[in-house]
Amino acid sequence: MDKKLLIWYQEHKREMPWRETHDPYCIWLSEIMLQQTQVVTVIDYYNRFIKRFHDVKSLAEAEEQEVLKYWEGLGYYSRARNLHKCAQAIVSIHGGQFPRDYKQLLKLPGIGPYTAGAILSIAFNEKVPAVDGNVMRVYSRYFELSCDISDSKSRTIFESKVIETMPEDARHFNQAIMELGATICTPKMPKCDVCPIASNCLARSTNSQLTYPIKTQKIKKRHEKVSVFLFVNQGRVMIEKRNDALLLKGLWGFPTHHVAMSQKEDDLTSEVLSNEAMMNWIHANYDFRGHIVTRVPAKKHVFTHLVWHMTLIVVQIESPRAIDYPEIKWVEPSSLEAFPLPTAFKKNLSTEMLEALFRL
DNA sequence: AATGCGGGGGT
DNA sequence: ACCCCAGCATT
């Protein structure tokens with residue numbers, strides 16, 4: 001398996017900025033960004049990030065808000081918060097050097113079994129497995145392994161199998177398996193006709209590629225109806241830093257009010273908040289008065305485990321005058337870009353909309 | 001062991 | 001419009 005695979009990888013690997021170095025900082029950063037995120041998306045973020053935070057020390061010294069700003073739009077923001085904490089731990093505990101040790105790496109925030117293996121193998125060429133979803137898909141097909149990959153216990157089974165089959169060139173082998181999973185041995189329509197290891201693939205021989213990997217877990221998303229308030233005062237709109245009790249904690253956004261929740265989308269259509277109920281909510285949470293200018297049905301936004309059905313509520317605030325607090329800012333629409341604003345809010349803000357707000 | 005956590009791509 | 005993807009932390 002390994003010989004053909006390594007030759008294929010050498011010839012067909014995609015170019016990525018982090019593949020031009022073995023610097024543990026670059027490998028670590030890229031691996032964190034690549035969790036649940038595709039290569040094409042990561043490249044721009046990675047380049048901008050490296051340009052601003054060129055080593056672990058400069059990242060450790062940064063403000064969390066700025067790190068989040070550089071992560072804006074990438075999602076799973078706890079990755080960014082843990083990345084920042086991890087950089088600080090590496091500076092304070094390990095003298096700014098990444099530990100070349102599996103157990104030590106695992107203790108660091110945001111680094112789990114996969115990422116520890118990826119850093120050790122790719123940066124240090126240690127013969128350690130790095131099992132991600134691609135590896136599990138490739139191995140379960142190649143060996144027709146029937147263990148359930150949605151069960152976290154299965155990871156160790158794949159790790160043993162990887163150790164059995166791993167050549168000395170761990171650095172390239174681990175990346176080759178993942179590259180194969182990402183480009184050839186894909187979930188839906190695997191390109192077996194151009195796969196370098198198809199001749200020995202068990203699933204290929206029995207035409208069972210699509211029954212592997214075995215995965216039982218089903219995801220049931222709940223639906224939430226959410227009012228998103230655009231408080232407008234003298235050409236400025238209010239944003240607040242989302243607190244730890246909220247989704248998207250630490251990022252900025254418009255005030256949100258939970259109207260209704262259901263397992264079924266249809267149950268939400270009848271749930272409408274009256275103007276009076278809204279004004280009561282506003283007054284209970286903020287000490288100013290105003291009137292509702294308009295309601296705009298907004299795009300729905302799908303998160304990992306829930307769906308937001310948003311309505312934008314534009315409210316003209318008459319009193320008090322716009323005052324900033326540490327966690328509440330009144331900003332001109334053009335200044336919104338200075339804050340880390342998650343996609344759920346961003347995608348509902350057209351230029352026309354902002355222009356209209358500005359005129360209020 | 002189960003749940004929380006974004007956003008993008010393919011069909 | 002709908003389906004799929006999937007590491008780590010917390011509980």
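By convention in this document, chain letters (A, B, ...) are assigned in the order of the sequence lines, proteins followed by strands, and residues within each chain are numbered from 1.
Regarding contacts with the backbone of C:dC8, a side-chain N or O of A:T115 is found under 4.0 angstrom from either OP1 or OP2. Look at A:R79 and you won't find any side-chain N or O under 4.0 angstrom from OP1 or OP2 of C:dA9. Look at A:H305 and you won't find any side-chain N or O under 4.0 angstrom from OP1 or OP2 of B:dT3. OP1 and OP2 of C:dA9 both lie 4.0 Å or more from every side-chain N or O belonging to A:Y76. Of the side-chain N and O atoms in A:H301, none sit less than 4.0 angstrom from OP1 or OP2 of B:dG6. Between A:K347 and B:dG7 there is no side-chain polar atom (N or O) within less than 4.0 angstrom of OP1 or OP2. The side chain of A:K153 contributes an N or O atom lying less than 4.0 Å from OP1 or OP2 of B:dA1.
Residue A:V272 belongs to no hydrophobic cluster, having no ILVMFWY side-chain heavy atom closer than 4.5 Å to its own.
Rounding to whole angstrom units, CZ of residue A:F158 and P of C:dG7 are separated by 12 Å. Distance A:Q38 CD to B:dG9 C1': 6 Å, rounded to the nearest Å. Across the protein-nucleic acid pair, A:D244 atom CG and C:dT10 atom P stand 12 Å apart, rounded to whole Å.
Distance from the side chain of A:R222 is smallest for B:dG4 among the nucleotides C:dG7, B:dG8, B:dG4.
Residue-level contact check: A:S78 touches neither bases nor backbone, having no heavy atom under 4.0 Å from any strand. Backbone-only engagement by A:L248 is indicated by non-hydrogen atom pairs under 4.0 Å involving sugar-phosphate atoms exclusively. Backbone-only contact: A:Y114 has heavy atoms under 4.0 Å from sugar-phosphate atoms and none from a base.
Side-chain atoms of A:W308 and A:H301 form no donor-acceptor pair, as typed in the model, at a separation below 3.5 Å.
Applying the ring pair (Phe, Tyr, Trp, His ring centres under 6.0 Å) test to pairs two or more places apart or on separate chains, those with a residue in residues 37-62 of chain A are A:W18-A:Y46, A:F49-A:F53, A:F53-A:Y70.
Using cut-offs of 30° and 60° for the angle between ring planes, the A:Y139 and A:F143 rings count as tilted.
Base pairing of C:dG7 is made with B:dC5, judged by Watson-Crick or G-U wobble geometry with both donor-acceptor distances under 3.5 Å.
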